[in-house]
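What follows is a set of notes on a single structure, which appears directly below.
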Amino acid sequence: MQKLLAYPLTVIYYLFFGLTLVVFHPIQWVCLNVFGYQAHKKSVDILQFLLMRCLNILGTTFLFKNDYELPTDLPIIIVSNHQSMYDISPIMWHLRKHHVKFVSKKELGKGIPSVSYNLRHGGSALIDRKNPRQAIAEIRRFATYIEETNRAAVIFPEGTRSKNGTPKPFRTKGLETLIKYVPSAIIVPISINNSWKTMRYGNFPMGIGAHITFEVHKPLKASEFEIHDLLEQVESVIKEHIIN
C-alpha cells in the first residue's frame, strides 16, 4: 500500500523539485553576476530550504541535532557518511552561516540546473575520481580556499552512497590531503541515518515517510592529533552512530 501511494506522490515531488531547480538557475546567475558572492550565497541557501520542503511532499521529515557552537572564525571540515543526494540540502541549510562547500565528483558540475551552477561557481571542488593527480591538485586548491576564507568543506570519505545505510569503508586520501592543507581546521563529524530510505525503491517511485536524522559529534581540532589517530577517531564516531 505504501509503495502504491509512493507513485503519485513521487510524480508531484519531481514536478516541484524540477521546477525549483529550473527557477533558481537564472536566479543564481543574476545574484552572482550582478550582486556578487553574498547575494549568490543567499539564493543558494533559499534553494536548499525549498528543496527540503519539496521532500516534505513525500512525507520526509528531518532532524538536525547539533549541541555544539561551531566557530565562524576558523575553517571547518565536515566529515560524514553518505546515503543519498538528500544528505546535502539539510547540511547546507542548517550550517549555512559557515558557507558550506563540497568535494564532489566532476560529473555533477554539468547538466543539472542550479546544482551544477553552484558547484562550479560557489566555491566547491570538482574532482575526477579516475584521475588521482587531478583530484589531489583540486583538493589542495580547495583546501587553500577554505583556509583563507574560514569556510566549511564537506567531504564524504566513502566515495559513493550507501544504498542500504550500511557504511562503506572510508577512503581517506582526499580527507587526509584536505586536513594537511587546512592546518587550522576544526573537524566536525556527522552521522546521517535513514536518508537511503528515500531511494529504497530506486528513483521511481521514491520512498515515502523517511525520517532523516543528522547528528553532529564533538568537533576536533586537527592540530591536536596525529593524522592517523584523527582519521581513525572520526571514522569510528561516525559509524558508531549509524543505525542499520
Side-chain angles (χ1 to χ4, degrees), residues 6 9-25 28 43-64 78-96 100-129 152-168 170-171 174 190-216 238 242-243:
L9 289 178
T10 300
V11 172
I12 297 169
Y13 164 76
Y14 276 130
L15 177 64
F16 280 91
F17 175 76
L19 183 62
T20 302
L21 293 183
V22 169
V23 167
F24 268 82
H25 193 92
Q28 283 191 67
S43 73
V44 172
D45 290 345
I46 296 170
L47 170 64
Q48 306 316 313
F49 177 79
L50 292 177
L51 291 178
M52 292 170 63
R53 301 291 72 80
C54 288
L55 280 165
N56 294 153
I57 294 169
L58 298 169
T60 304
T61 57
F62 302 92
L63 174 65
F64 198 95
I78 298 165
V79 187
S80 175
N81 62 308
H82 194 22
Q83 296 188 349
S84 81
M85 63 181 283
Y86 306 107
D87 301 336
I88 293 170
S89 290
I91 292 176
M92 292 187 73
W93 172 251
H94 287 282
L95 298 177
R96 59 192 179 277
V100 175
K101 316 298 177 186
F102 285 82
V103 177
S104 180
K105 60 184 181 181
K106 71 170 188 177
E107 290 83 359
L108 296 179
K110 55 185 178 181
I112 309 173
S114 285
V115 174
S116 297
Y117 187 86
N118 183 48
L119 287 173
R120 291 197 313 272
H121 301 284
S124 292
L126 291 169
I127 64 172
D128 184 349
R129 294 190 293 187
V154 177
I155 187 167
F156 300 118
E158 290 166 288
T160 188
R161 295 170 293 196
S162 169
K163 294 182 179 180
N164 60 7
T166 302
K168 298 177 182 294
F170 280 14
R171 296 187 290 182
I190 296 180
S191 296
I192 301 173
N193 280 291
N194 296 327
S195 175
W196 68 272
K197 292 180 179 179
T198 59
M199 307 296 292
R200 70 176 78 194
Y201 309 125
N203 290 314
F204 191 88
M206 291 181 63
I208 62 175
H211 179 58
I212 307 176
T213 66
F214 299 76
E215 183 174 359
V216 177
I238 291 171
I242 296 173
I243 302 169

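Note that the coordinates shown come from a computational prediction; the quantities given were computed from them, not determined experimentally. Hydrogens, waters and symmetry mates play no part in the numbers below; they use all other heavy atoms, side chains included.
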### Task
Quick one: do I242 and T166 satisfy side chain to side chain contact (heavy atoms under 4.5 Å, CB included)? Show the steps, please.
CA-CA 8 Å; I242 296 173; T166 302; over 6 Å; no
### Query
What residues, two or more places apart in sequence or in another chain, satisfy salt bridge (Lys or Arg N to Asp or Glu O under 4.0 Å) together with K106?
D128
#### Entry: Inter-residue atom distance I238.CD1 - N81.CG, 0.5 Å rounding
6.5 Å
#### Entry: Set of residues satisfying ring-ring contact (aromatic ring centres under 6.0 Å, His included) with respect to F170, sequence neighbours excluded
none
## Note on the structure
Rounded to the nearest 0.5 Å, the OG atom of S80 sits from the CD1 atom of I88 at a distance of 10.0 Å
### Query
Can you find a pair of side-chain heavy atoms, one from P157 and one from V79, that are under 4.5 Å apart?
yes
### side-chain contact (heavy atoms from CB on, under 4.5 Å) against L19, all qualifying residues, sequence neighbours excluded
V23
### Task
Indicate the atoms forming the closest heavy-atom contact of Q28 with S43, along with that distance.
CG-OG, 3.7 Å
### Query
For K101, what residues pass the side-chain contact (heavy atoms from CB on, under 4.5 Å) criterion, not counting sequence neighbours?
Y37, H99, S124, F142, Y145, I146, R151
#### Entry: Counterpart residues, ring-ring contact (aromatic ring centres under 6.0 Å, His included), relative to F17 (two or more places apart)
Y13
#### Entry: Pairing residues for F16 by the ring-ring contact (aromatic ring centres under 6.0 Å, His included) criterion, not counting sequence neighbours
none
### Query
Which residues pass the side chain to side chain donor-acceptor pair (under 3.5 Å) test with H82, sequence neighbours left out?
D87
### Task
Would you confirm whether N194, through its side chain, and A210, through its main-chain N or O, come within 3.5 Å as a donor-acceptor pair?
no
#### Entry: Separation of Y117 OH from L119 CG (nearest 0.5 Å)
12.5 Å
### Query
side chain to side chain donor-acceptor pair (under 3.5 Å) with R53: which residues, sequence neighbours excluded?
N56
### Message
I want to check something: taking the side chain as every heavy atom from C-beta on, are L51 and L21 in contact at a cut-off of under 4.5 Å?
### Response
yes
### For T213, all residues meeting side chain to side chain donor-acceptor pair (under 3.5 Å), sequence neighbours excluded
none
### Query
Could you give the distance from CH2 (W93) to CZ (F64), rounded to the nearest 0.5 Å?
12.5 Å
## Note on the structure
Heavy-atom closest pair (I192 atom, Q83 atom, distance to 0.1 Å) is O-NE2, 3.1 Å
### Task
Using the side chain to side chain contact (heavy atoms under 4.5 Å, CB included) rule, take N118 and M92 through it: C-alpha gap first, then chi angles, then the decisive distance, then the call.
CA-CA 12 Å; N118 183 48; M92 292 187 73; 3.9 Å; yes
### Sequence neighbours excluded, every pair satisfying salt bridge (charged side-chain N to carboxylate O under 4.0 Å, His left out) that has a member inside residues 193-214
none
### Task
Apply side chain to side chain donor-acceptor pair (under 3.5 Å) to S89 and list each qualifying residue two or more places apart in sequence or on a separate chain.
Q48
### H25 vs S114 side-chain heavy atoms within contact, under 4.5 Å
yes
### Message
Can you confirm whether L58 sits close enough to T198 that some side-chain heavy atom of one is under 4.5 Å from a side-chain heavy atom of the other?
### Response
no
### Task
Determine, step by step, whether M206 and M199 satisfy the side chain to side chain contact (heavy atoms under 4.5 Å, CB included) criterion, reporting the C-alpha distance in whole Å, the side-chain angles of both residues, the deciding distance to 0.1 Å, and the verdict.
CA-CA 5 Å; M206 291 181 63; M199 307 296 292; 4.2 Å; yes
### Task
Working to the nearest 0.5 Å, report the span between NE2 of H94 and CG of L63.
8.5 Å
### Task
Write down the atom of S116, the atom of G111, and the distance for their closest heavy-atom approach.
OG-N, 3.6 Å
### Query
Looking at side-chain heavy atoms only, is the closest gap between F24 and L50 below 4.5 Å?
yes
### Derivation and outcome, side chain to side chain contact (heavy atoms under 4.5 Å, CB included), residues L55 and F62
CA-CA 10 Å; L55 280 165; F62 302 92; 3.6 Å; yes
### Query
Atom CD1 in I212, atom CG in N193: separation rounded to 0.5 Å?
10.5 Å
### Summary
Applying side-chain contact (heavy atoms from CB on, under 4.5 Å) to L15 and not counting sequence neighbours gives none
